Amino acid sequence: MAADISERIRTVYSTLSKGQKKIANAVLNDYDKVAFLTAARLGDMVGVSESTVVRFADELGFEGYSQFQLAVQELVRIRLTPNQRIEVTKQRIGRGDVIDSVMNSDINKIRYTLEHLDRQAFIDSVDSILSARTIYITGARSSEPIARMLSYNLSLIFDNVKLVVPTSSAEVFEQMYSIGEKDTVIAFSFPRYSSKMINGIRFAKQKNAKIVVFTDSDVSPLVEYADSVLIGQSDMASFMDSLVAPLSIINAIIIEITSRREKEITERFDALEKLWDEYEIYAKR
């Protein structure tokens, strides 16, 4: 797992200048305030020049201040409690138009994900799904609903889908007890990362299953166990995370699978449609 920004800072702290140490201390102690400041405003906050802030980001190995800022925001999402997240969101949006702020933020997350998504990882993930003996899908806490969504849609077209609901660590292992090298696990994990998910994916990796991870960053603790990593940018939306980008990746996966197995899936839905009509599953207008 890649080091987060706090670890980077502690590694180089003794070599920093006096001004850079002021910035470092602000990041370590007040990251929730630093995360959404411009370089100029961060400089004003700690009493150094904007150029010192930019050089500090460079000293930590970031390609510009914007990349540094994203790393601090990552720290915020991983560490803040729900009440702290609400407070940070209030500060960011202020008295502005909530709908405009939130939806434009979601648009930007989808655009960023589109520009940075690993296309080969996407193809490899679809290949792993199509070749799997059993497809295990799991997500804990706030990630569970999107895991259920993928599970529901894949269950319509495959008979080998199993949703793993991690109500406890023991139950994760029990539900994946028979997993092996011919199986694929699709795991969703976004801040704050669930220890049950990490333990479950570590177990699946030990059993040589293929691991597809949906997460928000390459510093996610699940990345080290993954065969394929699909990164969808997420961000705070009050006490919850906005997961529109991961949902968009799910849509793309379903469409890619459908295009590869069009004849088989079309025949399946023809049969399902007859059942739905016979048992009046859907209301008629």
Side-chain angles (χ1 to χ4, degrees), residues 110 113-114 116-140 142-166 172-173 175-190 194 196-218 220-234 243-272:
I110 291 176
T113 298
L114 174 62
H116 293 86
L117 186 68
D118 184 334
R119 297 304 202 271
Q120 188 58 53
F122 176 83
I123 296 301
D124 291 345
S125 299
V126 173
D127 289 343
S128 296
I129 291 169
L130 291 174
S131 64
R133 175 181 60 185
T134 302
I135 306 163
Y136 294 85
I137 302 175
T138 185
S142 63
S143 298
E144 185 181 336
I146 54 176
R148 286 186 178 275
M149 178 181 175
L150 179 60
S151 175
Y152 170 76
N153 283 287
L154 288 183
S155 294
L156 289 174
I157 55 181
F158 299 122
D159 293 322
N160 59 339
V161 178
K162 182 173 183 178
L163 179 66
V164 177
V165 182
V172 171
F173 301 138
Q175 292 175 70
M176 294 198 297
Y177 177 77
S178 300
I179 198 168
E181 62 183 356
K182 295 181 180 180
D183 302 316
T184 294
V185 180
I186 305 172
F188 294 83
S189 187
F190 295 85
S194 165
K196 287 184 289 188
M197 289 298 303
I198 298 168
N199 292 334
I201 295 310
R202 185 187 296 121
F203 170 76
K205 188 67 174 179
Q206 290 168 351
K207 303 278 276 203
N208 297 316
K210 284 281 196 312
I211 312 293
V212 176
V213 166
F214 275 76
T215 192
D216 65 309
S217 165
D218 60 6
S220 166
L222 272 72
V223 167
E224 65 177 295
Y225 306 109
D227 296 291
S228 303
V229 179
L230 297 172
I231 294 179
Q233 191 184 40
S234 66
L243 298 176
V244 293
L247 284 169
S248 191
I249 299 173
I250 287 175
N251 291 341
I253 283 177
I254 296 297
I255 290 170
E256 176 68 17
I257 289 172
T258 303
S259 68
R260 291 203 204 177
R261 298 283 179 88
E262 184 174 359
K263 183 175 184 298
E264 176 186 331
I265 291 172
T266 299
E267 291 174 354
R268 186 178 176 96
F269 274 116
D270 282 341
L272 282 171

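Nothing here was measured: the structure is a model prediction, and the numbers come from that model.
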Mind checking what makes salt bridge (Lys or Arg N to Asp or Glu O under 4.0 Å) contact with Asp159, not counting sequence neighbours?
Arg268
Taken in chain and number order and not counting sequence neighbours, the residues that satisfy salt bridge (Lys or Arg N to Asp or Glu O under 4.0 Å) with Glu267 are Lys263
When you measure from the side chain of Lys182 to the backbone N and O of Arg133, does any donor-acceptor pair fall under 3.5 Å?
no
Do Ile201 and Leu222 make a side-chain contact, defined as non-hydrogen atoms from C-beta onward lying under 4.5 Å apart?
yes
Out of curiosity, Lys207 NZ to Tyr177 OH, how far, rounded to the nearest 0.5 Å?
6.5 Å
Tell me the closest heavy-atom pair linking Ala132 and Ile135, and the distance in Å.
CB-CG1, 3.8 Å
Quick one: pull up CZ in Phe188 and CD1 in Ile146 and give me the separation to the nearest 0.5 Å.
5.0 Å
Can you see which heavy atom on Ile250 is nearest to which on Phe214, and at what distance?
CG1-CE2, 4.1 Å
Contacts of type salt bridge (Lys or Arg N to Asp or Glu O under 4.0 Å), residue Lys162, not counting sequence neighbours
none
Any side-chain heavy atom of Asn199 sitting closer than 4.5 Å to one from Val172?
no
Under 3.5 Å, side chain of Ser125 to main-chain N/O of Ser228, donor-acceptor pair present?
no
Should Val185 and Lys205 count as side-chain neighbours, where that means a heavy-atom distance under 4.5 Å?
no
Looking at CD1 of Ile265 and CG of Asp270, how far apart are the two atoms once the value is rounded to the nearest 0.5 Å?
12.0 Å
Can you name the salt bridge (Lys or Arg N to Asp or Glu O under 4.0 Å) partners of Asp118, sequence neighbours left out?
none
Sub-3.5 Å donor-acceptor pair from the side chain of Asn208 to the main-chain atoms of Gly180, do we have one?
no
Of the non-hydrogen atoms in Gly139 and Pro166, which two are nearest, and what is the gap between them?
O-CD, 3.6 Å
So which atom in Ser143 and which in Ser189 form the shortest heavy-atom distance, rounded to 0.1 Å?
OG-CA, 3.8 Å
With no hydrogens and no angle check, is any side-chain donor or acceptor of Thr258 less than 3.5 Å from a backbone partner on Ile254?
yes
Using 4.0 Å as the upper bound for N to carboxylate O, is an ion pair formed by Lys210 and Asp127?
no
Find out whether Ile129 and Ile186 are in side-chain contact, i.e. whether some heavy atom of one side chain is under 4.5 Å from a heavy atom of the other.
yes
Between Ile179 and Ala204, the two heavy atoms sitting closest are CD1-CB, 4.0 Å
Any donor-acceptor pair under 3.5 Å from Gln175 side chain to Val165 backbone
yes
Thr184-Ser128 side chain donor-acceptor pair, cut-off 3.5 Å:
no
Taking only residues two or more places apart in sequence, or in another chain, which ones meet Phe173 in a ring pair (Phe, Tyr, Trp, His ring centres under 6.0 Å)?
Phe203
List the atom pairs, donor and acceptor, that lie under 3.5 Å between side-chain atoms in residues 147-154 and the rest of the protein, sequence neighbours left out.
from   : atom 1 : to     : atom 2 : distance (Å)
Arg148 : NE     : Glu144 : OE2    : 2.9
Arg148 : NH2    : Glu144 : OE2    : 3.0
Asn153 : ND2    : Met149 : O      : 2.9

Should Val223 and Ile231 count as side-chain neighbours, where that means a heavy-atom distance under 4.5 Å?
no
Has Asp183 got a side-chain atom pairing as donor or acceptor with Tyr136's backbone, closer than 3.5 angstrom?
no
So, does Ser259 use its side chain to make a donor-acceptor pair with the main chain of Glu256 at under 3.5 Å?
yes
Between Tyr225 and Arg202, the two heavy atoms sitting closest are OH-NE, 2.9 Å
Looking at Leu117, is its backbone amide N or carbonyl O close enough to the side chain of Arg119 to form a donor-acceptor pair, meaning the two atoms are under 3.5 Å apart?
yes
